[in-house]
Each structure stands twice: as structure tokens, then as C-alpha cells.
There are 2 protein chains.
Amino acid sequence: MQLGNGDGNITTIYEVAELAGVSVATASRALNNTGYVSKEARSRVLEAARRLNYHINVNARSLTSGKTYTIALVLPDVTNPFFPAVARGVEDAASRKGYSVILCNTDGSPRKEADYLNMLRSRRVDGIVFTTSELPGARISSIIGDSSAVVLVDRDLDEPYDIVKTDNVKGGFLATSHLISLGHTRIAVISGPLSLTTGMERLQGYRDALGQAGIPFDESLVVEGDFRQEGGRAAMERLIEQCRGRPSAKLSAVFACNDLMAVGALTALEEHEIAVPSEVAIVGYDDIALASVTRPRLSTVAQPKYEMGVLAAEMLLRRMANPNLPRQQEVLQPMLVIRDSTLERRSRCG
Amino acid sequence: MQLGNGDGNITTIYEVAELAGVSVATASRALNNTGYVSKEARSRVLEAARRLNYHINVNARSLTSGKTYTIALVLPDVTNPFFPAVARGVEDAASRKGYSVILCNTDGSPRKEADYLNMLRSRRVDGIVFTTSELPGARISSIIGDSSAVVLVDRDLDEPYDIVKTDNVKGGFLATSHLISLGHTRIAVISGPLSLTTGMERLQGYRDALGQAGIPFDESLVVEGDFRQEGGRAAMERLIEQCRGRPSAKLSAVFACNDLMAVGALTALEEHEIAVPSEVAIVGYDDIALASVTRPRLSTVAQPKYEMGVLAAEMLLRRMANPNLPRQQEVLQPMLVIRDSTLERRSRCG
DNA sequence: TTGTAAGCGTTATCAT
DNA sequence: ATGATAACGCTTACAA
């Protein structure tokens, strides 16, 4: 009867060695397929390990090896629909190589970010996939030093860390050009936080598209959002308001710099009984699951979220394997996804 | 100038002790506020630690303490909209108490579940929050033994593990009763996998509601789904099909046992130009973010996902602190959220 | 091929 | 109040 020793008593390599009638050194070699071990010894060790339901203590091992086989994923909030796919990508790629991933939600608070980094250093994680928010790059490196490798995802920093991102300028350009190609000229933007490169870059793409089409940039058409649904609603509200008061401020389309804000904007538009896309067209950014179930379904700029996660983890492993590699940077391409929220232009104020 | 020693050289307690001019024992006591240490010694140690940017090696500590201050969250897929909130709850509650959480995605594969459990045992995690799928309870305990505490979330098992769940029978009852109260009598169900207690229980709630209302249970109105969007679409397709062929099979409402399937069903209904809720009413389960942006917005049974996560982690910590506690079980209440996808009955076949 | 023993960074015991 | 020192579980020279 094979019970597999379910009693849970933690066995050490000493007990395995003893049962196998060899020294711990030999047991270790056998268990790790390292150095010389006779076939007989090896099989006796393996059998003993099986009988005792031996599970190596990786913490103990990390003490000698200096490696923990653990990485961390530090992001603002898994609950933000952008991140689960990234997280899944990271975890898949990491576990494929035998690494575990510790999840940390910072809410974008520099304080929490710093706390987590300190904790991670104490844990001697081998690497960190980091979507930071406000923590200055210098601060990051002052905390983790070179105790672990780090790869930035969807962020850009002065510090020489590896980066995985998508081309946000291009994405902003794609979204805006799409609107322009539909005949829109009065295009508002609900931007992300301008303190974030993602926020800035997408806005830059918007300006580039305008410029290329010869449409003058109108400051009053941009309102800074916060990448959150409620923020999007509020921003759209502002836009509608200002449009009411000042017909010169009318708009026929809006580019919301992420889908969450686009959904919020949609809500505001609906409340004011402004038809989308016939009166106001709208395009979002990210292509989260929500985007394809709203009514109208949201046109958006898709980011390869899962791939970003996978790439980030792989890049991190590479960096860990070779700390002297030159700085790596991977810029993925965003992709325009046209659905129902954008349509040929028909002028109308908000 | 305070640099905080960003050089990243890992410092040990020996170096701290040396700089402070004390023994490691004293340094350890000072650092941990344990045992007797003179004020002077303590402050010298603390200062030394600061100067050297000392970060304790928790892996080394766990070697002596036997505790890793790490728990794991094992679930099918973070990418499933039900889980991020749970994950966030677990992480918040855990980190509040100084625990880190390792994330594991199993895709509901017994093989992956077993692999992860073995890995987690090797890591000596103090506890596991587990949303298992098919792994028999006995198998779980044979792998982890009592090497870590475990709390089941949203699952029920024969093994005597602690549990955090919501009352699924009640939830199914709520959803169905709501439909019945609207005058529906031909109510189809798109159930979850019947191998899962969640699947079974919600279906039971459906039957209970029918029974209480004196509506005969009609086997042909239940089709087993898989909790996924595409599965929901396919199931609805089947229902429509069968309804076409056999007028006696007509239905005026459907209870989809989770929102993802409800959204899929919505899609199918839309493709067939069947109006929701006027021709067919539909109610989902979970109240994920998607539910409030579909058109029509989805009526659903909400589960307190975040709270489930928090509770699970807290329960786990309690269990870890006291392995001899009697089995704990927390059953939260689901809540009916009425939106636009349900409406007074008007008969119509699918 | 195998075993002894040192060492990894901490904590805890036991003297002092 | 403080300091040696053993112990935690493992790997790895170095010997044998």
C-alpha cells in the first residue's frame, strides 16, 4: 500500500541519507544529479527519498546557493483589468523555469512601493518585475541595490533598468489617426496621469497625429484623467460641461487613454443622452475584456498584455543569468481594434 | 550625504555586529527587540545596520524559526475576472501581517495543482489559500501533509480543511426566485461544471426555487457549462436550437451560473436577434466588472470576492497560529443585484 | 565513488 | 547585559 507518507513530518536529507545507508554528501549528489554517485547508491537514495516523502528545503539551499528561485511582481493593483494578463504571463514564464512569483500590490503609493522593495530585498528575491508609479528610479536602486535584477513593465525610468513596454506614442497616434480618418477634427483627449510616461507618450501620439493632419492642438480639449473609470466619467462630464457653455469647444470624438476611462466616459455620455458613436465617437486603450462587451463595443488600441508579462519574466531571467548584459529594452507594437464606438463624423457638440 | 549604501552589497549580521562593536548575539537581540540589550548597545547596532543598509536574510532566519512568513494563493487563473479581487483580498490581509504571497495558476489541472503543491512544500510555505478544482482532497493532504495550513476558497471538500465560501444554494435560489417573481416559469439554466460544488450547489438552488414555486423541473432546460464565456455562448446556442425545434421547449428566461457565461449567452442571444430582457431575461452570478457595462446591464448574484480573500487569509493565519483549532467554516451571503437584463415576463421562444 | 567537515545567515541556549 | 557556540538543512571543497 503506497501511502506516500502523508503524515507531513518534514524529512531532512540526513534521514534520507541514513535510510539509504550513505552520507549526506552522497545523498545530496544523488538527489541533485551532481558529481559522482554509483548507480546503486543513487537508486537507494532516490528510493529512500520516495519512502520518506522527502521534499528539499529550498530556503536552506538558498543559503548556500545564494539563489532563491523566487521573483516578485510588483504592480499597482491586480484588480485593475490591465494587470491580470500581465501577471499570468509573468507567472507562466517564471514557473516554466522553476521560479515562484510573489505578488505585491502597491496602489501606486511610493510608500508601499518602498516597503515592498525592502521586504523583497530581505527575501533575497532573484529578480523583480516592476510596474512602478511614482518612486524615483534612484530611490529604487538605493533600496534594492543590486540584490536583485529588475525589469520595468509598461514604465520608463531614468535608471538603467531593462524595460518591456509598448510603443505608447504610436498607440496614441493610431487611436487619433483613426478618428481623424473618420473625418473628426474636434477630438478631445482624456489623458492618463501626465506624471507617468504612459500618460505623456499617448498624449504625444495624439499631438503627433493632429500635427500630421494639420489640425491645431487645442489645449481646452485635453483633460487629465487618472486611468480609472470614475476619473473617466468625471473628465467626460467636464468636457460636456465646457462644451455646453462654449460652442466653440464642441467636439465630435474623444480618445480616452485607457479603456477604464473610456467606459467611464461612455457612462457620462449615456447619462447625457449623447449617442455613441453617432454624436460622439470614442476610442479607448488597452483592449481589456470590458471593451468588447460595452454597448457600443469599444474601439481601442490593444496592448499585448500577456506577451508583455512573458517577455518581462524572460528578460528578467536573462538579466539574472548575466548581470553584465547591456541594457535590454523591448518595445512591442500596439494594435488598433475597430469596433462600434467609432464611426464616420457627424458634427455635434457634447 | 545620506546615500543609504546603494551599492547593494549584501550585509550580514556579523558585519553589523562588528561595526557596532558587539557580538552577533547582541546584534540579533537588538535588531529583533528580544532579550536584554542595553540602550547604548541597541542604538549602536541600529545605527550600524542603518549605515550598512542591512536587510535581514529571511531565508536564513526561517531555517532556525521554522517559519517562512510566506503563504501561497493557488487558483485556476488570475485572468478569470472572479479571482483578482480574491487575490487582492488575500494579499492585503497577508501583507498586513507581514506575510508574502506566492501566486500559482493551475488552470484547474490536477497535474499542475499537484506540481505546485509539491513546490510549495519544498518552499515550506506556512499556509495555502487554495481554490482547487479536481484534485481529490486526500491527494492534497498526501502532498502537503501538515507542512502547511490550508484554507479552501469557493470550494468544498471532504478533507477537513477550513473553508471560505458563499452560500451557493442560496445564490442559485435568489437568482431563480427573482426570475420567478417576474412571472417566468420556463427558466433555463446554464450551469457550471457539475463536478464542482459551486456548480452543483447553484443548480440545487435553482431546483429549490422551482420546487417552492411549484414549477416542475424540466431536465431539457438545463445545460452544463464550463464557467467560461465561450461555453456560455455555446450553451445558449444549444438552448435556442432546441427551442426552435421543439416549441414545447420554449423559455423566457435563463439563469447563467456565472457572469462570464451570461455574457456569452448575451452574445448568442444578440446574434439571433432575440431581445434581452423583453424576449428572454437573463441573470448571471458573481457580479464581475463586466456585468455593469454590458448592454443591457446584467442582473446578477454578487459574491463578496474581496472579503472572501481577506477572510481566507485571516482564517489561514488563525489556523497557522493554532493547528488544533476545530475546523473553521465561513459561509458568506450572496446578494441579488438587479439591473437591466431581467424584466417582467413576456413569453417567447428562443 | 564516498565521506568528513566547513560554511551559508540567523536564532537560541547557556555561560559568564 | 553580553558573548560563545550549537543548531537549522543544505551544498561543496577536500580527503580518502
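Values in this document were obtained by computation on a predicted structure and should not be read as measured data.
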- In chain order, what residues pass the side-chain hydrogen bond (donor to acceptor under 3.5 Å, both in side chains) check against A/Ser62, with sequence neighbours excluded? none
- Message: I want to check one thing: is the phosphate of D/dG3, taken as OP1 and OP2, less than 4.0 Å away from some side-chain N or O of B/Ser23?
- Response: yes
- Task: Would you mind classifying the nucleic acid contact of A/Val58 as base, sugar-phosphate or nothing, using non-hydrogen atoms under 4.0 angstrom?
- Result: nothing
- Task: Note the angle between the end axes of the helix from C/dT1-D/dA16 to C/dT16-D/dA1, five pairs defining each, rounded to 10 degrees.
- Result: 40°
- Item | B/Lys67 NZ - D/dG9 P separation (whole Å) | 16 Å
- Query: Ion pair present between B/Arg88 and A/Asp77, side-chain N to carboxylate O less than 4.0 angstrom?
  - Reply: yes
- With no hydrogens and no angle check, do the side chains of A/Arg123 and B/Ser100 hold a donor and an acceptor under 3.5 Å apart? yes
- Query: Should the pair A/Asp126-A/Lys67 be classified as a salt bridge under the 4.0 Å nitrogen-to-oxygen rule?
  - Reply: yes
- Footprint string (nucleotides 8-16 of chain C, 5' to 3'): B base within contact, S backbone only, - free, heavy atoms under 4.0 Å: BBBSBB---
- Ion pair check, A/Asp107 and A/Lys112, cut-off under 4.0 Å: yes
- Query: For B/Glu159, does the CD atom sit with more than 12 other heavy atoms under 6.0 Å from it, leaving out its own atoms?
  - Reply: yes
- Heavy atoms from other residues, nucleotides or ligands near CZ of A/Arg318 exceed 12 (cutoff 6.0 Å): yes
- Spacing between A/Arg42 atom CZ and C/dT2 atom C1', to the nearest angstrom: 13 Å
- Query: More than 12 non-hydrogen atoms from neighbouring residues, nucleotides or ligands closer than 6.0 Å to CD on B/Glu18, yes or no?
  - Reply: no
